K.L.:
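This is the structure, below, for whatever I ask next.
Residue numbers start at 1 and run along the sequence shown. Predicted model, so just to flag it, every value in this text is computed and none were measured.
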Amino acid sequence: MDELKKILEKVMDINFVRAVISNPRTKGEILKIKVRPIEKKDGLYFQFESYTKTQVFHENIPAVKAAERILSYINVFRQMQMTAGGKEYTVLVSKKGKMTVTEKRNKDNLPKVDLSHNRSKKYILEEGKAVPFLVDLGVMTKEGKVVHAKFDKFRQINRFLEFIEDILPQLDKHKELTILDFGCGKSYLTFAIYYYLHELKGYDIKIIGLDLKQEVIERCGSLAVKYGYKKLSFLMGDIAEYEGVDCVDMVVTLHACDTATDHALAKAVGWNAKVILSVPCCQHELNRQIGNADLSPILDYGLLKERAAALVTDGLRAKYLEREGYDTQILEFIDMEHTPKNILIRAVKKPSGSNCKKAAEEIRRCEELLCVHPVLGTLLDEKKEK
């Protein structure tokens, strides 16, 4: 802690760019905090943006107290990424409270520090800077202007990259990483992942996009060649049957319909994937099963039953991943006003990799209460029996 305190006392000035504090030690309201400098009439302040599942709260702290506030957060969070004074800092805190701080010189051009109080939203992929794949996919013009009708898609892509930014400390930068995107579709996010991790962050990655539509695969494959993305490939195939790799570091599944999401999650667990990012789509399986007479005020009405079944489906999916040794969160992917399919399940493998008996018991009680048997549980149990 003393080492970090000395660093903060040195860098908390006008050359401070940003910090992201994430991965809370215990489940609570605040999931992530972003810090940036702002200039007010009476001097330099630091704005702390605290993110919950549904809201963002802002607090402006005087520069003389900002370092103390960050240190207090480090006591309850496990990691921090910080850019300041021409360097990149990574702070990791173990379960036993041991802290490691690494730093490296930022070789890239440092972003310009924006000290404005009410600034516009800062995106990872910036407005006004043309990104080739976004131009070809119709999200941006050649001048880098976001197409008005595609602005929700632009925000969605950046929101997804923020989730990846949070788990960068979990990815080994010293080896080739294999990433699988199941049900990649038009591959907005597949290209975004490759561009962000390889082009912007310098990771050695191999990404495979899998989809059932031949014309989509051919289109995306030609774009990957056009951009010179040598380790980005697209294949036609079914999630449940795919056996093309033996080891995977990250599995992404976006809007895979119904139990296709479960097959993707089971595959990810089987590969011992370090990171899983899943945005479920339609969920019909448990809607056909769920039943409990005491819950008839909900389950007797089709619309409410459908929503309840969807929540139970994703809750059990997250809990099954906990059972398999993952730290799991359910996060808001995009504002509800833009799409009702706004839940993202993020799971990061625990260092110990041990199974959680508590999660297993919670699953058992929930399934007995609601008379449901999710296919994910069946798939995971079948893998254990083999």
K.L.:
Find out whether Met82 and Phe16 are in side-chain contact, i.e. whether some heavy atom of one side chain is under 4.5 Å from a heavy atom of the other.
P.N.:
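Contact flag for Met82/Phe16 side chains = yes.
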
K.L.:
Whether the side chain of Lys206 engages the backbone of Glu176 through a donor-acceptor N/O pair (distance < 3.5 Å, no angle test) should be reported.
P.N.:
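Side chain of Lys206 to backbone of Glu176: no pair is present.
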
K.L.:
Do you know the tightest heavy-atom contact between Leu44 and Asp13?
P.N.:
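Here Leu44 and Asp13 meet closest at CD2-C, 3.7 Å.
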
K.L.:
Starting at CZ of Phe48, measure out to NE2 of His58 and round the result to the nearest 0.5 Å.
P.N.:
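Spacing of CZ (Phe48) from NE2 (His58) equals 12.5 Å.
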
K.L.:
Over all heavy atoms of both residues, which pair between Phe133 and Tyr227 is shortest? Give the atoms and the distance, please.
P.N.:
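Answer, listing the atom of Phe133 first, then Tyr227: CA-OH, 3.2 Å.
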
K.L.:
Do Pro374 and Glu367 touch side chain to side chain, with heavy atoms closer than 4.5 Å?
P.N.:
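Touching, per the 4.5 Å side-chain cut-off.
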
K.L.:
Are Phe191 and Tyr194 an aromatic pair by the rule of ring centers under 6.0 Å?
P.N.:
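Ring-ring flag for Phe191/Tyr194: false, centres at least 6.0 Å apart.
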
K.L.:
As a quick check of understanding, evaluate salt bridge (charged side-chain N to carboxylate O under 4.0 Å, His left out) for Glu215 and Arg219, giving each step before the final call.
P.N.:
CA-CA 6 Å; Glu215 66 276 11; Arg219 167 67 171 162; over 6 Å; no

K.L.:
Treating Asn158 as the side-chain partner and Leu125 as the backbone partner, does any N or O pair qualify as donor plus acceptor under 3.5 Å?
P.N.:
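Yes, Asn158 side chain to Leu125 backbone: donor-acceptor pair under 3.5 Å.
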
K.L.:
Do Asp258 side-chain atoms and His284 backbone N/O form a donor-acceptor pair below 3.5 Å?
P.N.:
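Answer holds: yes.
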
K.L.:
Okay, side chain of Thr141, backbone of Lys145: is any donor-acceptor separation there less than 3.5 Å?
P.N.:
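Checking the backbone N and O of Lys145 against the side chain of Thr141, a donor-acceptor pair under 3.5 Å is found.
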
K.L.:
Are Leu344 and Leu277 packed together at the side-chain level, in the sense that at least one heavy-atom pair is separated by less than 4.5 angstrom?
P.N.:
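When only atoms from C-beta onward are counted, Leu277 and Leu344 do touch, with a gap below 4.5 Å.
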
K.L.:
Do Phe46 and Met12 make a side-chain contact, defined as non-hydrogen atoms from C-beta onward lying under 4.5 Å apart?
P.N.:
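SC-SC contact between Phe46 and Met12 confirmed.
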
K.L.:
Let's go through Tyr45 and Ile61 carefully: what are the C-alpha distance in whole Å and the side-chain angles of both, what is the deciding distance for side-chain contact (heavy atoms from CB on, under 4.5 Å) to 0.1 Å, and is it a yes or a no?
P.N.:
CA-CA 5 Å; Tyr45 282 70; Ile61 306 294; 5.7 Å; no

K.L.:
Answer yes or no: is there a side-chain heavy-atom contact under 4.5 Å between Met99 and Glu3?
P.N.:
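They are not in side-chain contact.
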
K.L.:
Taking the basic N atoms (NZ, or NE/NH1/NH2) and the acidic carboxylate oxygens, is any pair closer than 4.0 Å for Glu361 and Lys357?
P.N.:
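Looking at Glu361 and Lys357, the cut-off is not met.
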
K.L.:
Is a donor from one side chain sitting under 3.5 angstrom from an acceptor on the other, for Thr83 and Glu88?
P.N.:
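A pair is found: one side chain offers a donor N or O, the other an acceptor, under 3.5 Å apart.
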
K.L.:
Please report the closest heavy-atom contact between Gly138 and Val147, naming both atoms and the distance.
P.N.:
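For Gly138 and Val147, the tightest heavy-atom pair comes out as O-CG2, 3.5 Å.
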
K.L.:
Given the rule that I, L, V, M, F, W and Y join up when any side-chain heavy atoms are under 4.5 Å apart, are Ile217 and Val225 in one cluster?
P.N.:
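Hydrophobic grouping puts Ile217 apart from Val225.
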
K.L.:
What distance do Cys371 atom SG and Leu286 atom CG have between them, rounded to the nearest 0.5 Å?
P.N.:
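CG of Leu286 is found 11.5 Å from SG of Cys371.
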
K.L.:
Using the rule that two of Ile, Leu, Val, Met, Phe, Trp, Tyr join whenever any of their side-chain heavy atoms come within less than 4.5 Å, decide whether Val64 and Leu4 are in one cluster.
P.N.:
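Shared cluster, no.
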
K.L.:
Taking atom OG1 of Thr328 and atom CD1 of Ile345, what is their separation to the nearest 0.5 Å?
P.N.:
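If we round to the nearest 0.5 Å, Thr328:OG1 and Ile345:CD1 are 8.5 Å apart.
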
K.L.:
Using salt bridge (charged side-chain N to carboxylate O under 4.0 Å, His left out), reason through Glu59 and Arg69 one step at a time and then give a plain yes or no.
P.N.:
CA-CA 11 Å; Glu59 185 179 7; Arg69 176 61 65 90; 2.9 Å; yes

K.L.:
Given side-chain contact (heavy atoms from CB on, under 4.5 Å), test Lys5 with Leu8 step by step and report yes or no.
P.N.:
CA-CA 5 Å; Lys5 183 178 180 181; Leu8 290 173; 5.9 Å; no

K.L.:
Could you pull out the closest heavy-atom pair between Lys231 and Asp204, with the gap in Å?
P.N.:
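Result for this residue pair: NZ-OD1, 2.8 Å.
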
K.L.:
Distance only, no hydrogens: is a donor on one side chain within 3.5 Å (strictly under) of an acceptor on the other, for Ser22 and Gln79?
P.N.:
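Yes, because at least one side-chain N or O of Ser22 sits under 3.5 Å from a partner of the opposite role on Gln79.
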
K.L.:
According to the interplanar angle, ranging from 0 to 90°, do the rings of Phe154 and Phe151 count as parallel (below 30°), tilted (30 to 60°) or perpendicular (above 60°)?
P.N.:
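Plane angle between 30° and 60°, so tilted.
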
K.L.:
Going by an N to O cut-off under 4.0 Å, is there a salt bridge joining Lys350 and Glu322?
P.N.:
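Salt bridge: no.
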
K.L.:
Determine, using the 4.5 Å side-chain heavy-atom cutoff (strictly less than), whether Val35 and Val101 are members of one ILVMFWY cluster.
P.N.:
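Shared cluster, yes.
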
K.L.:
Tell me the closest heavy-atom pair linking Glu285 and Thr259, and the distance in Å.
P.N.:
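Looking at all heavy atoms of both residues, the shortest contact is OE1-CG2, 3.9 Å.
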
K.L.:
Would Ile124 end up clustered with Val20 when hydrophobic side chains under 4.5 Å apart are linked, directly or stepwise?
P.N.:
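Unlinked, Ile124 and Val20 end up in two clusters.
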
K.L.:
Please go through Trp271's hydrophobic cluster and name the other residues, only I, L, V, M, F, W, Y counting, with side-chain heavy atoms under 4.5 Å joining them.
P.N.:
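Besides Trp271, the hydrophobic cluster comprises Leu180, Phe182, Ile208, Leu210, Leu235, Ile239, Tyr242, Val245, Val248, Val251, listed by chain and residue number.
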
K.L.:
Give, for atom CG of Leu223 and atom CZ of Phe234, the distance between the pair rounded to the nearest 0.5 Å.
P.N.:
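Taking CG in Leu223 and CZ in Phe234, the distance rounds to 8.0 Å.
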
K.L.:
Return the minimal non-hydrogen interatomic distance between Ile157 and Ala192, and the atom names on each side.
P.N.:
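Heavy atoms only, the tightest pair is CG2-CB, 3.6 Å.
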
K.L.:
Are any non-hydrogen side-chain atoms of Ile276 and Met250 less than 4.5 angstrom apart?
P.N.:
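No, every pair of side-chain atoms sits at 4.5 Å or beyond.
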
K.L.:
Would Lys34 and Glu162 count as a salt bridge (charged side-chain N to carboxylate O under 4.0 Å, His left out) if you check the C-alpha gap in whole Å, the side-chain angles of each, and the deciding distance to 0.1 Å?
P.N.:
CA-CA 11 Å; Lys34 292 186 177 181; Glu162 288 178 5; 3.6 Å; yes

K.L.:
Please check if Val216 and Leu254 belong to a single hydrophobic cluster, counting links between Ile, Leu, Val, Met, Phe, Trp and Tyr side chain heavy atoms closer than 4.5 Å.
P.N.:
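They do not share one cluster, since no chain of ILVMFWY contacts under 4.5 Å joins Val216 to Leu254.
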
K.L.:
Okay, side chain of Ser296, backbone of Asp300: is any donor-acceptor separation there less than 3.5 Å?
P.N.:
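A pair under 3.5 Å: no.
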
K.L.:
Can you tell if the side chain of Val269 reaches within under 4.5 Å of the side chain of Asn272, non-hydrogen atoms only?
P.N.:
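The answer is no, as the side chains (C-beta and beyond) never meet within the 4.5 Å cut-off.
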
K.L.:
Regarding Gln283 and Asp314, is there a side-chain donor-to-acceptor distance under 3.5 Å anywhere?
P.N.:
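Distance-only check passes for Gln283 and Asp314.
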
K.L.:
Show your working on side-chain contact (heavy atoms from CB on, under 4.5 Å) between Phe57 and Thr52 and close with a plain yes or no.
P.N.:
CA-CA 8 Å; Phe57 299 95; Thr52 70; 3.8 Å; yes

K.L.:
Distance-only, no hydrogens or angles: does the Arg159 side chain make a donor-acceptor pair with backbone N or O of Glu332 under 3.5 Å?
P.N.:
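Yes, Arg159 side chain to Glu332 backbone: donor-acceptor pair under 3.5 Å.
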
K.L.:
Of the options Lys349, Arg78, Arg346, which is the one that meets Asp327 in a salt bridge (Lys or Arg N to Asp or Glu O under 4.0 Å)?
P.N.:
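The option that passes is Arg78.
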
K.L.:
Using the side-chain contact (heavy atoms from CB on, under 4.5 Å) rule, take Ile179 and Thr190 through it: C-alpha gap first, then chi angles, then the decisive distance, then the call.
P.N.:
CA-CA 10 Å; Ile179 301 173; Thr190 322; over 6 Å; no

K.L.:
Would you say the side chains of Tyr203 and Asp172 form a donor-acceptor pair under 3.5 Å?
P.N.:
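The answer is no; no qualifying pair exists.
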
K.L.:
Answer yes or no: is there an ion pair linking Lys175 with Asp249, defined by an N-O contact shorter than 4.0 Å?
P.N.:
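Salt bridge: yes.
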
K.L.:
Could you state the interatomic distance from OH (Tyr188) to SG (Cys220), rounded to the nearest 0.5 Å?
P.N.:
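Result: 9.5 Å between the selected atoms.
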
K.L.:
Hey, what do you get for SG (Cys184) to CG (Leu189), rounding to the nearest 0.5 Å?
P.N.:
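Spacing of SG (Cys184) from CG (Leu189) equals 10.5 Å.
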
K.L.:
Would you call Arg36-Glu49 a salt bridge at under 4.0 Å N-O?
P.N.:
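Salt bridge absent between Arg36 and Glu49.
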
K.L.:
If we only count heavy atoms from C-beta on, is the Glu68 to Leu71 side-chain gap below 4.5 Å?
P.N.:
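No; the side chains remain at least 4.5 Å from each other.
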
K.L.:
Any side-chain to backbone donor/acceptor pair from Lys173 onto Lys201? Under 3.5 Å, distance only.
P.N.:
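Checked: pair present.
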
